[in-house]
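Accompanying notes for the structure given below.
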Amino acid sequence: MLRTSFVSLSIALLLFACAPKEQTATSTGTETPAVNGGAVINGAGATFPYPIYSKWFDEYGKAHPGVKINYQSIGSGGGIKQLTAQTVFFGASDMPMTDEQLKAAPGPVLHFPTVLGAVVPVYNLGADNTAQLRFSGPLLADIYLGKINKWNDPAIAKLNPGVKLPATEIAVSHRSDGSGTTFIFCDFLSKTSPEFKQKVGASTSVQWPVGVGGKGNEGVAGIVKQTPGAIGYVELIYALQTKIPYGAVQNKSGAFVNASLDSVTAAAAGVNMPDDFRVSITDPDGKDAYPISSFTWMLYYQKPADKDRAKTMVDFMKWALTDGQKFTQALGYAPLPKSVVDKELQALQKIQL
Amino acid sequence: VSASRRKRSQSSDDRGFRILTGAFAALVLLTVFALAFELARQSMLSITKFGFGFWKGTTWDPVSGEFGALPFIWGTLYSSILALLISTPIALGIAIFISELSPRVMRTPLTYLTELLAAIPSIVYGLWGIFVLVPLVRKLELATPESLKKIPLFNGPPLGVGMGAAALILAVMVIPFTSSVAREILKNVPAAQREAAYALGATRWEAIKVAIGYGKTGIIGAIMLGFGRALGETMAVTMVIGNSPQVAASLFKPQYTMAAVIANEFTEAADELYLHALIEIGLLLFVITIVINALSRILIWSMKKRSSRVITIRPLAASEAAA
């Protein structure tokens with residue numbers, strides 16, 4: 001789930017330019033001179049949680065003078081790479097690391113969910129039609145596979161009784177930039193449609209059978225707003241902030257749920273949490289759960305070499321998971337359910353200090 | 001004594017200066033080679049896995065690890081050539097007007113304004129593209145008669161975003177480059193050339209033709225500069241081209257370019273092979289740019305060889321002379 005800022009893009013290109021020297025490309029977490037006699041801790045990764053992370057680091061820094069935490073939002077892939085190369089102390093990602101990625105890291109890596117996000121379908125039925133639509137996983141999958149290409153298709157009409165659907169063609173749009181948003185959306189479609197799983201699958205970028213790609217949430221939203229008959233998907237935060245109307249999505253229990261911070265938190269509560277927290281919460285159980293939701297994670301080494309910085313970050317995590325959660329809603333993030341927070345506080349003890 | 005000392009120190013200054021500037025020049029060469037080497041090294045996985053099949057592969061599927069560059073190569077060359085076709089006549093028209101025809105008071109403001117176009121960041125062009133150009137193109141597409149839509153060039157849904165919008169925005173971005181260089185070239189044509197033409201009874205148009213003929217190689221160079229600019233343009237293009245990798249002749253269909261796919265997918269490409277495939281796209285773009293530059297050099301060089309050819313001036317027809 002990724003808001004690609006141009007800053008992150010330019011940093012990425014910079015990294016691209018000096019990719020071979022990754023170990024020296026960014027200032028190393030362990031050698032940066034301390035500010036105010038305290039520690040500077042560097043992290044890098046996902047852009048989606050950047051606003052809440054910078055708020056947290058700022059607030060935590062105010063309460064703990066001398067602690068300075070830097071975060072570069074270079075993208076989840078970059079965060080994992082830099083963590084593996086040990087150029088940063090912690091990483092952040094919208095996708096859990098794969099088994100191969102974990103194996104490639106020089107030591108065991110722990111995942112900690114920090115906040116929740118969601119993806120919502122947005123559409124444009126024409127200037128004079130503001131009907132609120134309902135979607136299901138299989139329906140969205142068929143639209144994105146190009147199998148359903150008219151708005152008045154019986155499959156859409158069936159889920160939306162009483163709604164006047166135009167006979168226009170559906171103009172499908174998706175993200176063109178690699179993004180956690182795409183991953184979560186495709187993850188949900190893959191779980192609910194075997195055909196989508198087989199033909200497209202889930203990743204930050206996929207091979208779309210149909211449609212145009214817009215760059216970033218704003219690109220997709222732009223296409224949808226301007227094109228009568230268009231459908232797209234954007235981050236919930238983006239839809240809330242820009243006040244774009246979005247559709248309800250049917251969850252596993254059969255209920256049509258509107259995405260909201262509460263229904264997203266409910267999705268996280270309905271999941272059977274494994275000990276390593278690497279879990280997809282799309283299509284979860286729970287009557288009130290919004291089905292296209294996801295965690296975003298911070299990544300730490302289990303056996304950090306730098307014990308001082310590790311102590312600071314464990315303390316920070318404890319704060320972020322408890323007191324820090326109160327900053328989430330104002331910024332449009334769904335807070336973690338208590339069950340997840342409790343389990344994480346336990347798991348933090350695994351980090352060897 | 002002092003004179004000879006000064007001489008000696010001067011010559012050592014000269015040598016030092018030569019070494020210093022030589023080192024800077026060598027730095028350029030070194031950068032090019034280092035760039036090529038690193039791009040190749042960083043894309044080894046993809047090069048060894050796909051070989052030359054990478055050039056002609058049409059699948060780009062990060063989920064299954066299937067990568068082919070053809071749709072991106074096609075999109076890059078097609079959009080740049082279209083942009084060149086649109087921009088060249090306009091850019092040359094601007095250059096000729098400013099250097100040959102415009103009233104003196106308008107010359108400076110016109111020059112300044114065209115150069116200002118070159119200074120606008122491409123992201124601004126992109127935003128303008130999304131909010132102004134794309135809706136305009138969509139209106140054009142909606143107004144296209146059905147009979148025309150049967151031609152492959154105009155086939156496709158009226159989305160606005162697509163090859164047509166990309167070619168137009170590239171053309172706007174390229175115009176200032178081509179026209180500024182072409183204007184400089186025309187300005188540097190010796191006055192004697194025009195005077196000689198007038199002396200032979202040439203009309204104004206014929207005298208301009210003489211000047212253009214004199215600066216032909218430079219003008220070709222100006223066009224190629226614009227082409228190079230269009231090939232590498234990233235941000236504005238990705239915002240309006242629709243980012244869908246397919247090889248299609250249609251102006252209405254969304255397509256993709258090499259620079260755009262790198263910018264779009266690099267940040268989130270965590271898989272090794274995926275990353276290497278993206279870097280190989282960068283390598284291909286590098287190679288294509290070099291080949292096109294080399295071709296334009298050869299073109300200019302062959303034109304210079306033939307430049308001894310005499311430019312003929314049409315003698316006045318009797319009716320014109322009478323008038």
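Residue numbers begin at 1 in each chain, while the letters A, B, ... track the order of the sequences. Everything numeric in this text was worked out from a predicted model, so none of it was measured.
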Minimum side-chain heavy-atom gap B:Phe54-B:Leu70 below 4.5 Å:
no
Whatever's closer than 4.5 Å to a heavy atom in chain A on B:Ile241 counts as neither
Let me know if A:Glu169 has heavy atoms under 4.5 Å from chain B in its side chain, its backbone, both or neither.
neither
Between B:Thr59 and chain A, with a heavy-atom cut-off of 4.5 Å, which part of the residue counts as in contact: side chain, backbone, both or neither?
both
Check: B:Gln42 main-chain N/O paired with B:His276 side-chain donor or acceptor under 3.5 Å:
yes
Quick one: what part of B:Glu66 sits under 4.5 Å from any heavy atom of chain A, side chain, backbone, both or neither?
neither
With the side chain counted from C-beta on, respond yes when A:Leu102 and A:Arg278 share a heavy-atom pair under 4.5 Å apart, and no when they do not.
yes
Using non-hydrogen atoms only, which part of A:Thr204 is less than 4.5 Å away from chain B: side chain, backbone, both, or neither?
side chain
Under 4.5 Å from a heavy atom of chain B, the part of A:Ala230 involved:
neither
Between B:Trp60, B:Tyr78, B:Phe67, B:Trp55, which is the residue that forms a ring-ring contact (aromatic ring centres under 6.0 Å, His included) with B:Phe72?
B:Trp60
Non-hydrogen atoms of chain A under 4.5 Å away: do they reach the side chain of B:Phe131, the backbone, both or neither?
both
Any idea how A:Tyr71 and A:Tyr50 line up, ring-wise: parallel (<30°), tilted (30 to 60°), or perpendicular (>60°)?
parallel
Between B:Arg41 and B:Glu38, is there a salt bridge with N-O shorter than 4.0 Å?
yes
Count the heavy-atom pairs under 4.5 Å between each of A:Val210, A:Ile80, A:Ile223, A:Val206 and chain B, then report the option with the highest count.
A:Val206
How are the rings of A:Phe185 and A:Tyr144 set to each other: parallel, tilted or perpendicular (split at 30° and 60°)?
perpendicular
Among A:Gly79, A:Ser93, A:Ser205, residue most engaged with chain B (heavy-atom pairs, under 4.5 Å)
A:Ser205
